[in-house]
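Quick notes on the structure that follows.
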Protein chains: 2
Amino acid sequence: MKTNDVCDERCINEDAVREVKEKMLPEEIFSHVSDDFKIIGDPTRVKILFALSKKELCVCDLSRIIGMTESAVSHQLRLLRNRNMVKFRKEGKMAYYSLADSHVIHLIKMGVQHARE
Amino acid sequence: MKTNDVCDERCINEDAVREVKEKMLPEEIFSHVSDDFKIIGDPTRVKILFALSKKELCVCDLSRIIGMTESAVSHQLRLLRNRNMVKFRKEGKMAYYSLADSHVIHLIKMGVQHARE
DNA sequence: TGTTCACTTGAACATTTATTCATATGAAAA
DNA sequence: TTTTCATATGAATAAATGTTCAAGTGAACA
């Protein structure tokens, strides 16, 4: 029979574990960070953001540019909106979308540059 | 009855569409970029990368630090390895992992900083 | 008013993804 | 050799995610 104690010590670097553990950040930080990256972890959304970095566009235009249905684009725009990555203004029936700030597209441009090597 | 032609033109900004469409990059670029971001779009992997940015660590240590089974950590390490984000060296039975380059952790640090505001 | 149009939304479906459990590998130690 | 231990892997499961289709809004215009 095996003792099933709290301290199941056979791990080697006791102090390395403690040292790094102390430096770890709160759970929410990590999930916040991963959520931020997750949203640019989808090709459709990358395309949308890239397109919007060139020009303010309506849903209809976007759907033609990236070759997806307006519904699909609209769903993705909602996610981007919820994460404050895009903003929009209404003009009659249309909704013109643009980037919320340049922070995101900066990341994407880095990614693109990295992808091209 | 409705004509179901190729050119279903009721989109407004004909030239905006053309202009941005010309600036779009090839499909593979976008999927490459999104794949890169997708891999840091998971809290477990962010934790692993963050921990490794502090110190070279074995699977066992990592699993204690982030509080997951060694199996789960190992599976994630494989994904990170496949994407060349971590490297490892074998020492006896253990595998010591470290970051493949500082590029990734730079991104994460940016993300963390952004998350803390 | 009623119709058209741009966009949004909800539900359904298919796909991907992360974790768990059980098992395999392979090095060290007995 | 046999056992032990650190890690890796495969299959299974559950959860999350992206797209489609159908229906719903609400503004413009007849």
Side-chain angles (χ1 to χ4, degrees), chain A residues 2 8-14 16-17 30-31 34-35 37-49 52 56-83 86-98, chain B residues 2-3 8-14 16-17 27 30-31 34-35 37-49 52 56-83 86-98:
Chain A
K2 204 179 178 184
D8 191 46
E9 290 304 350
R10 63 208 142 83
C11 187
I12 312 305
N13 305 332
E14 189 65 41
V17 170
F30 289 120
S31 54
S34 63
D35 283 348
F37 285 117
K38 192 178 295 181
I39 205 131
I40 36 179
D42 173 81
T44 301
R45 289 192 292 267
V46 171
K47 285 178 209 164
I48 290 175
L49 292 170
L52 292 180
E56 183 194 54
L57 292 162
C58 65
V59 178
C60 177
D61 291 344
L62 268 172
S63 89
R64 312 241 166 171
I65 289 166
I66 70 177
M68 309 204 77
T69 64
E70 294 171 23
S71 176
V73 170
S74 185
H75 275 297
Q76 298 301 343
L77 282 170
R78 185 158 62 93
L79 298 177
L80 292 168
R81 239 160 45 214
N82 290 345
R83 282 252 137 210
V86 300
K87 59 184 195 295
F88 72 110
R89 64 183 175 86
K90 282 270 193 175
E91 194 177 307
K93 297 183 259 186
M94 346 258 297
Y96 282 96
Y97 279 83
S98 55
Chain B
K2 204 179 180 184
T3 66
D8 192 44
E9 288 306 350
R10 63 209 142 79
C11 188
I12 310 305
N13 305 331
E14 189 64 40
V17 170
E27 187 69 29
F30 289 119
S31 55
S34 64
D35 282 349
F37 285 118
K38 193 178 292 178
I39 206 133
I40 35 180
D42 173 83
T44 300
R45 288 190 294 265
V46 172
K47 286 178 209 163
I48 290 176
L49 293 170
L52 292 180
E56 183 194 54
L57 292 163
C58 65
V59 179
C60 177
D61 291 345
L62 267 173
S63 90
R64 315 241 164 169
I65 290 166
I66 69 177
M68 309 204 76
T69 64
E70 295 171 23
S71 178
V73 170
S74 185
H75 275 295
Q76 297 302 340
L77 282 170
R78 186 158 60 94
L79 297 177
L80 292 167
R81 239 161 44 215
N82 291 345
R83 281 251 138 209
V86 300
K87 59 184 195 291
F88 72 110
R89 66 184 175 85
K90 282 270 194 175
E91 193 177 307
K93 296 184 258 186
M94 345 259 298
Y96 283 96
Y97 279 83
S98 55

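Predicted, not measured: the structure shown is a model, and the values here were computed from it.
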V73(A) vs S63(A), side-chain contact (heavy atoms from CB on, under 4.5 Å): CA-CA, chis, key distance, verdict: CA-CA 6 Å; V73(A) 170; S63(A) 89; 3.9 Å; yes
Nucleotide [N], atom [atom2] - distance to [atom1] of [X] in whole Å:
X	N	atom1	atom2	result
Q76(B)	dT9(D)	CD	P	14 Å
R81(B)	dA8(D)	CZ	C1'	8 Å
Y96(B)	dT7(D)	OH	C1'	13 Å
D42(A)	dT16(C)	CG	C1'	12 Å
M68(A)	dC7(C)	CE	C1'	17 Å
R45(A)	dT19(D)	CZ	C1'	12 Å
R89(B)	dA27(C)	CZ	P	16 Å
L77(A)	dC7(C)	CG	C1'	10 Å

Can you find a side chain N or O atom of [X] that sits less than 4.0 Å from OP1 or OP2 on [N]?
X	N	answer
Y97(B)	dA8(D)	yes
T44(A)	dG18(D)	no
K90(B)	dG26(C)	no

Listed partners of R81(A) passing salt bridge (Lys or Arg N to Asp or Glu O under 4.0 Å), at least two apart: none
Specify the residue among L79(A) and V59(B) whose closest nucleotide of DNA chain D lies further upstream toward the 5′ end. V59(B)
Which nucleotide wins on minimum distance to the side chain of S74(A), given the candidates dG18(D), dT19(D), dC7(C)? dC7(C)
E27(B): side-chain contact (heavy atoms from CB on, under 4.5 Å) partners, not counting sequence neighbours: K47(A)
Let me confirm one number: the CG-OH distance from L57(B) to Y97(B), rounded to the nearest 0.5 Å. 12.0 Å
Give the B/S/- string for nucleotides 21-28 of chain D, one per nucleotide from 5' to 3', where a protein heavy atom under 4.0 Å of the base yields B, of only the sugar-phosphate yields S, and otherwise -. BB----BS
Minimal non-hydrogen separation, F88(B) against A95(B), with atom names: CD1-CB, 4.0 Å
With distance as the sole test, does S74(A) use its side chain to make a donor-acceptor pair with the main-chain N or O of E70(A) at under 3.5 Å? no
Look only at the side chain of R45(A) and the backbone of I40(A), and say whether a donor-acceptor pair between them is shorter than 3.5 Å. no
